Amino acid sequence: MKLNCRICEVTVQPFMSFGKMPIANGFLTPKDFDKEYFYELKPGFCENCLTFQILEQPDPEKMFHQNYAFFSRTSRRMVDHFKAYADWVKNEYLTTSNPFVVEIGSNDGSMLENFSKKNIRHLGIEPSSNVAEEARKYNVNTSCAFFNLTTAEKIVSEYGEADALIAANVMCHIPDLHEVAQGIDHLLNSMGVVVFEEPYLGDMIKNTAYDQIYDEHVYIFSTRSVKNIFSKYGFELIEVKPQPTHGGSMRYVLARNEKRSISKSVEKQLNYEDENNLHLKGTYDLFRERCELSRKNLIDILQKQKSNGRRVVGYAATSKSTTVLNYCSIGPDLIDFISDTTPIKQGKYSPGAHIPILSYEELRKGYPDSLLLFAWNHKTEIMEKEFSFLEKGGEWIVYVPDVALIRK
Ligand code: SAH
Ligand code: TMP
Ligand code: ZN
């Protein structure tokens, strides 16, 4: 089958396949096991526009709906991060009186509540109705919709043009970025800015963090790809800012051409990407080899645990864990259960691998011999919380950047 780049439409060959994958956040009950939906997870790199992407993606309605399982507030550190992010946007870019801010993918309102508390005009655009409803409890004005040109037109007719469109971990979810760019062009006033942060390709490659690749993440951006995508719509990158969140992210700031000065950070990041060969196809072939090695090492460790009679439990049923479990064919024979703090996931089974998801309280009833850390992007927060696990002789199994055991 001939596959085209979603951005520039030249033919792109996948450089690997992770095999058949279910919906990453599609936690399910046994009655739905036999009708579970699968697609093939195969990433490709477009050598023309330099955009890393998955070449097949399930329909957005299959992923974002009234039972969406991810709530931003499940991480305390992310809530703090969104406060700092909101303050930064306000101080750096909202300098007019009575500004209006639109966030897309506003989820449970963790970012926008910081504007709401300061009585700043704001609107969240969030298609998953359950998380949108949660945001309203925090006085966050939220409209339940996918962001596209039609949504942008509705926003402008109801509220007027916006000073900023902000986002986190959602731009990389949206397959049709042409529509998004047209929507942004319609929405923003002449000095308006677009600010978004997403998992960063440079970090994913450096750390062999292949679990960043799953259905929702149709793109993993680099500075070069973001620059190329938005340049077609009269927007230029004016600042980039690396972030430690989600295992390495990048914040991008764009403005209409020649409206604002360009920070040196943009040139610096473009040079970094060139020096690290992010524009070359060979980089992705090497990445594939490292993914295969990581899979082998993780399976070896888990099989050893099993043959030594050790009990292994998974820590956090992250979206990323769906890629790892299915790519490595890890099932309930190797992992007893996965503990997760999100009520909507508890009592269900992990997508594809069908490992039971139990509450955090269940884990605290009696620690297993080993914990496999799926939420490695929240490692600092979790290691602080689970200090006593290592003290009691437990061991962590980690797989990013390398497969390893952590003992006291
Ligand atoms: N910004 C939050 C949530 C990220 S999860 C955070 O960083 O924690 C991605 C969110 O984007 C989900 O809540 C999903 O429902 C929403 N989303 C997906 N497609 C979207 C689209 N086209 N427009 C707006 N939101 C979208
Ligand atoms: P994410 O990897 O998609 O950000 O999802 C994080 C998941 O991890 C979410 O389901 C909540 C869970 N989690 C825990 O169970 N315990 C924790 O301490 C943290 C930080 C997250
Ligand atoms: Zn392309």
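Numbering of ligands and ligand atoms starts at 1, following listing order. Not measured: the values here are computed from a predicted model.
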(message) Tell me the angle that SG of Cys5 and SG of Cys8 form around the Zn ion (ligand 3), rounded to 10°.
(response)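 Answer comes to 110°, rounded to 10°.
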(message) Do Asn141 and Tyr159 make a side-chain contact, defined as non-hydrogen atoms from C-beta onward lying under 4.5 Å apart?
(response) yes
May I ask you to list the atoms of ligand 1 that are less than 4.0 angstrom from any heavy atom of [X]?
X      : value
Phe82  : 6 (C), 7 (O), 8 (O)
His173 : 9 (C)
Phe64  : 14 (C), 15 (O), 18 (C), 19 (N)
Ile174 : 21 (C), 22 (N)
Ser72  : 2 (C), 3 (C), 6 (C), 8 (O)
Ile125 : 24 (C), 25 (N)

Please write down residue, atom name and distance for the protein heavy atom closest to [atom].
atom                    : value
atom 12 (C) of ligand 1 : Tyr68 CE2, 3.5 Å
atom 13 (O) of ligand 1 : Glu126 OE1, 2.7 Å
atom 23 (N) of ligand 1 : Phe147 N, 2.9 Å

(request) Output yes when a side-chain donor or acceptor of Glu103 lies under 3.5 Å from a complementary backbone atom of His122, and no otherwise. (result) no
(message) When you measure from the side chain of Thr318 to the backbone of Ser321, do you find a donor-acceptor pair of N or O atoms at a distance under 3.5 Å?
(response)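 At least one qualifying donor-acceptor pair exists.
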[Y] six-ring face occupied by [X] cation (under 6.0 Å, within 45°):
X      : Y      : result
Lys320 : Trp376 : yes
Arg260 : Tyr93  : no
Lys62  : Tyr37  : yes

What do you reckon, does [X] have a nitrogen or oxygen under 3.5 Å from a nitrogen or oxygen of ligand 1?
X      : answer
Gly105 : yes
Asn107 : yes
Ala168 : yes

(request) Kindly identify the option in Val218, Asn169, Asp176 whose heavy atom sits closest to atom 7 (O) of ligand 1. (result) Asn169
(request) Using side chain to side chain donor-acceptor pair (under 3.5 Å) as the criterion, list what pairs up with Tyr200, not counting sequence neighbours. (result)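 For Tyr200 the side chain to side chain donor-acceptor pair (under 3.5 Å) partners, ignoring immediate neighbours, are Gln269, Glu273.
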(request) Identify, with sequence neighbours excluded, every residue that meets side chain to side chain contact (heavy atoms under 4.5 Å, CB included) alongside Phe38. (result)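 Phe38 satisfies side chain to side chain contact (heavy atoms under 4.5 Å, CB included) with Lys20, Pro22, Glu36 once adjacent residues are dropped.
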(request) List for me each residue that meets side chain to side chain contact (heavy atoms under 4.5 Å, CB included) alongside Ser370, sequence neighbours excluded, and say none if there are none. (result)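 Expected list: Gln305, Arg310, Val312, Glu395, Ile397.
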(request) Give me the one residue out of Val266, Ile238, Leu237, Val195 that meets side-chain contact (heavy atoms from CB on, under 4.5 Å) with Tyr252. (result)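 When side-chain contact (heavy atoms from CB on, under 4.5 Å) is applied between Tyr252 and each of Val266, Ile238, Leu237, Val195, only Leu237 qualifies.
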(message) Salt bridge or not between Glu386 and Arg364? Use side-chain N to carboxylate O under 4.0 Å.
(response) yes
(request) May I ask you to decide whether Arg288 forms a salt bridge with Asp285, counting only side-chain N to carboxylate O separations under 4.0 Å? (result)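 Yes, this pair counts.
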(message) Under 4.0 Å, counting heavy atoms only: does Pro60 come that close to any atom of ligand 1?
(response)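 No heavy atom of Pro60 comes that close to ligand 1.
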Which pairs of N or O atoms, one from ligand 2 and one from the protein, are separated by less than 3.5 Å, and what is the distance for each pair?
residue: ligand 2; atom: 2 (O); partner: Lys320; partner atom: NZ; Å: 2.9
residue: ligand 2; atom: 3 (O); partner: Ser319; partner atom: OG; Å: 3.0
residue: ligand 2; atom: 4 (O); partner: His378; partner atom: NE2; Å: 3.3
residue: ligand 2; atom: 10 (O); partner: Asp340; partner atom: OD1; Å: 3.0
residue: ligand 2; atom: 10 (O); partner: Asp340; partner atom: OD2; Å: 2.8
residue: ligand 2; atom: 10 (O); partner: Thr342; partner atom: OG1; Å: 3.1
residue: ligand 2; atom: 10 (O); partner: Lys345; partner atom: NZ; Å: 2.6
residue: ligand 2; atom: 15 (O); partner: Thr341; partner atom: N; Å: 3.1
residue: ligand 2; atom: 15 (O); partner: Thr341; partner atom: OG1; Å: 3.3
residue: ligand 2; atom: 18 (O); partner: Lys385; partner atom: NZ; Å: 2.6

(request) Take the angle between the ring planes of Phe33 and Tyr349 and call it parallel below 30°, perpendicular above 60°, tilted in between. (result) perpendicular
